[in-house]
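For reference, the structure is listed below as structure tokens.
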Amino acid sequence: MTQAIPPAEPATPWLLRWQGLLAGGTGPLASRLSLVAGLVLCALMAGLPLVTRGGLSLLITASGLLWVLWALRTPPGRIGAISGWLLVMLGVMLLATGFSPVPVAAAKGLAKLVSYLGVYALMRQLLAAAPPWWDRIVAALLAGELATSVIAIRQLYGDTSALARWADPNSVADGTIRVYGPLENPNLLAGYLIPILPLAVVALLRWRSWPQRLYAAAALVLGAAALLLSYSRGGWLGMVAALGAVGLLLLLRAIRHWPALWRRLVPLLVLLLGVAVLVVAVTQIEALQVRVMSLFVGRQDSSNNFRINVWLAVLQMVQDRPWLGIGPGNTAFNLIYPLYQQPKFNALSAYSVPLELLVEGGIPALLAGLGLLTASLRQGLAQLRGESAWALPALGAVAAIAGLCAQGVTDTIFFRPEVQLTGWFCLASLAVSRTADAP
């Protein structure tokens with residue numbers, strides 16, 4: 001009688017063979033890694049809008065070092081689709097740095113990207129090892145959002161002279177008072193709030209006690225009010241996309257056992273109702289009407305005119321270096337862009353996330369970004385019919401990404417740490433949700 005041969009274990013990728021080298025190590029920190037990592041991440045997420053850039057840098061660096069220590073103690077696992085695309089993105093940016101016309105400046109951008117990936121890796125490791133930390137990190141994120149929203153709303157009742165600097169006299173929306181909270185920029189405030197709002201909706205449904213739900217509801221209402229008062233057109237589009245997506249996804253999940261006909265009709269009717277409400281709001285509320293109509297006046301609006309001129313200059317940069325770009329980071333951009341800019345149209349970025357990827361890493365970077373987006377959406381939408389405990393967090397993460405994408409078409413606020421780190425948290429949640437459902 002022949003014995004069955006056990007299946008061979010897959011070989012560890014060479015990229016991960018350093019993990020687990022200290023698996024037998026002991027010590028007070030080793031036994032409390034998840035607790036220390038969770039506290040550091042909670043401090044980071046709560047302090048995003050409130051801590052100085054130096055403080056954020058320390059917390060980001062600490063997160064990366066904690067992940068390295070944790071990885072040395074943990075055998076390597078399977079690289080998922082999201083992590084795989086992030087490695088592809090890192091590889092493209094490494095090549096772009098090597099071939100950059102300003103390699104020293106590009107190296108600074110690459111180092112910043114690596115530090116953010118360290119935060120993502122620690123989040124993914126923590127959520128996989130201790131799922132309850134998802135709720136704690138979201139609670140910390142909502143704490144910072146509540147403080148930011150209150151500060152922003154209170155600005156309407158204080159001295160408005162500082163707010164007046166965001167009222168553009170050359171815009172069709174001249175005279176609009178825009179709040180910015182502690183972030184000093186209305187568009188940055190809006191970008192910071194966009195991905196948090198759908199997470200607050202998920203927390204409201206996921207948490208059980210009434211104090212917890214009131215906390216999430218307050219964060220949702222005040223955050224939405226502060227975002228509206230920022231009068232950021234991209235922020236409004238992002239909020240509509242994020243809250244609309246989370247509402248639609250939750251509806252699809254709630255009716256997943258209904259008859260097929262109703263599963264098709266109900267979402268369609270809800271979408272039509274939502275569009276009708278938006279149309280009525282824009283046509284009946286003058287402040288909304290003026291701000292929304294400024295999207296369609298082309299170069300007559302100074303903000304539109306500025307972005308159009310920057311985009312034209314950036315497209316020339318892409319045409320000159322289409323395959324590997326100029327290298328990652330705003331330092332490299334600030335050195336190269338003046339060679340292409342039109343007079344009086346200086347810029348710190350490409351004012352469009354797809355264009356920023358093209359100018360920094362060329363066509364491969366844009367393809368890697370699209371691959372990452374596709375993998376993220378696939379893993380999140382897979383939770384529509386499942387019964388996993390990660391279903392609601394995954395759907396909230398998908399909605400947050402939808403909102404960031406809507407704003408990212410015409411702005412690059414996403415690359416600021418106050419916004420980008422929440423995006424990494426959403427990606428980590430999606431990566432872990434897929435791992436949890438794998439056999």
Side-chain angles (χ1 to χ4, degrees), residues 10 12-13 15-16 19 37 41 45 60 63-64 67-68 70-71 74 76-94 112-131 133-134 137-138 141 195 198-199 202 242 245-246 249 328 353-354 357 361 364-386 388-405 408 414-415 417 419-439:
T12 302
L15 192 63
L16 305 180
Q19 295 188 19
L41 289 175
M45 302 308 284
I60 291 170
S63 299
W67 174 74
V68 171
W70 200 334
T74 307
R78 185 178 65 88
I79 299 178
I82 291 177
S83 298
W85 279 110
L86 287 175
L87 289 175
V88 172
M89 178 72 73
L90 179 60
V92 171
M93 290 304 180
L94 183 61
K112 189 180 296 184
L113 174 61
V114 171
S115 67
Y116 290 147
L117 289 178
V119 176
Y120 160 81
L122 183 65
M123 287 176 172
R124 185 183 184 281
Q125 189 80 18
L126 176 65
L127 295 179
W133 276 104
W134 188 90
I137 293 175
V138 169
L141 192 61
L199 297 180
V202 170
V246 75
L249 290 173
V353 171
L357 290 175
L366 179 61
L367 294 177
L370 292 175
L372 175 62
L373 176 61
T374 302
S376 303
L377 294 179
R378 288 183 62 185
Q379 294 193 9
L381 296 178
Q383 299 292 336
L384 280 175
R385 298 184 179 277
S388 169
W390 281 101
L392 290 182
L395 297 181
V398 169
I401 291 172
L404 290 173
C405 289
F414 171 77
F415 292 104
V419 183
Q420 187 173 167
L421 289 174
T422 306
W424 290 125
F425 175 65
C426 293
L427 288 180
S429 301
L430 290 170
V432 174
S433 70
R434 184 66 172 182
T435 303
D437 290 342

Can you see which heavy atom on [X] is nearest to which on [Y], and at what distance?
X    : Y    : answer
L373 : C405 : CD1-SG, 3.9 Å
G408 : P354 : O-CD, 3.7 Å
Q379 : A81  : NE2-CB, 3.3 Å
L117 : W424 : CD2-CH2, 3.8 Å
P195 : A400 : O-CB, 3.6 Å
G423 : L404 : CA-CD1, 4.2 Å

Which value, rounded to the nearest 0.5 Å, describes the distance between [X] atom [atom1] and [Y] atom [atom2]?
X    : Y    : atom1 : atom2 : result
M123 : L427 : CE    : CG    : 10.0 Å
T374 : L367 : OG1   : CG    : 10.5 Å
L372 : L377 : CG    : CG    : 9.5 Å

Side chains of [X] and [Y], heavy atoms from C-beta outward: is any pair under 4.5 Å?
X    : Y    : value
F414 : T422 : no
Q420 : K112 : no
L126 : I137 : yes
L199 : V246 : no
L122 : S63  : yes
L249 : L381 : yes
V202 : L395 : no

Point to revise | Sole candidate of L41, V119, L430, V138 that passes side-chain contact (heavy atoms from CB on, under 4.5 Å) when paired with F425 | key: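 Among the candidates, only V138 passes.
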Practice item. Answer yes or no: is there a donor N or O on one side and an acceptor on the other, between the side chain of S83 and the main chain of I79, under 3.5 Å? Key: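 It does not hold such a pair.
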Point to revise | A394 backbone acceptor or donor facing Q383 side chain under 3.5 Å | key: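 No: the side chain of Q383 does not pair with the backbone of A394.
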Practice item. Assess whether side chain to side chain contact (heavy atoms under 4.5 Å, CB included) is satisfied between S376 and I401, documenting all intermediate values. Key: CA-CA 9 Å; S376 303; I401 291 172; 4.2 Å; yes
Practice item. Just say parallel, tilted or perpendicular for the rings of W134 and W390, cut-offs at 30° and 60°. Key: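 Taking W390 first and then W134, their aromatic rings stand perpendicular (interplane angle over 60°).
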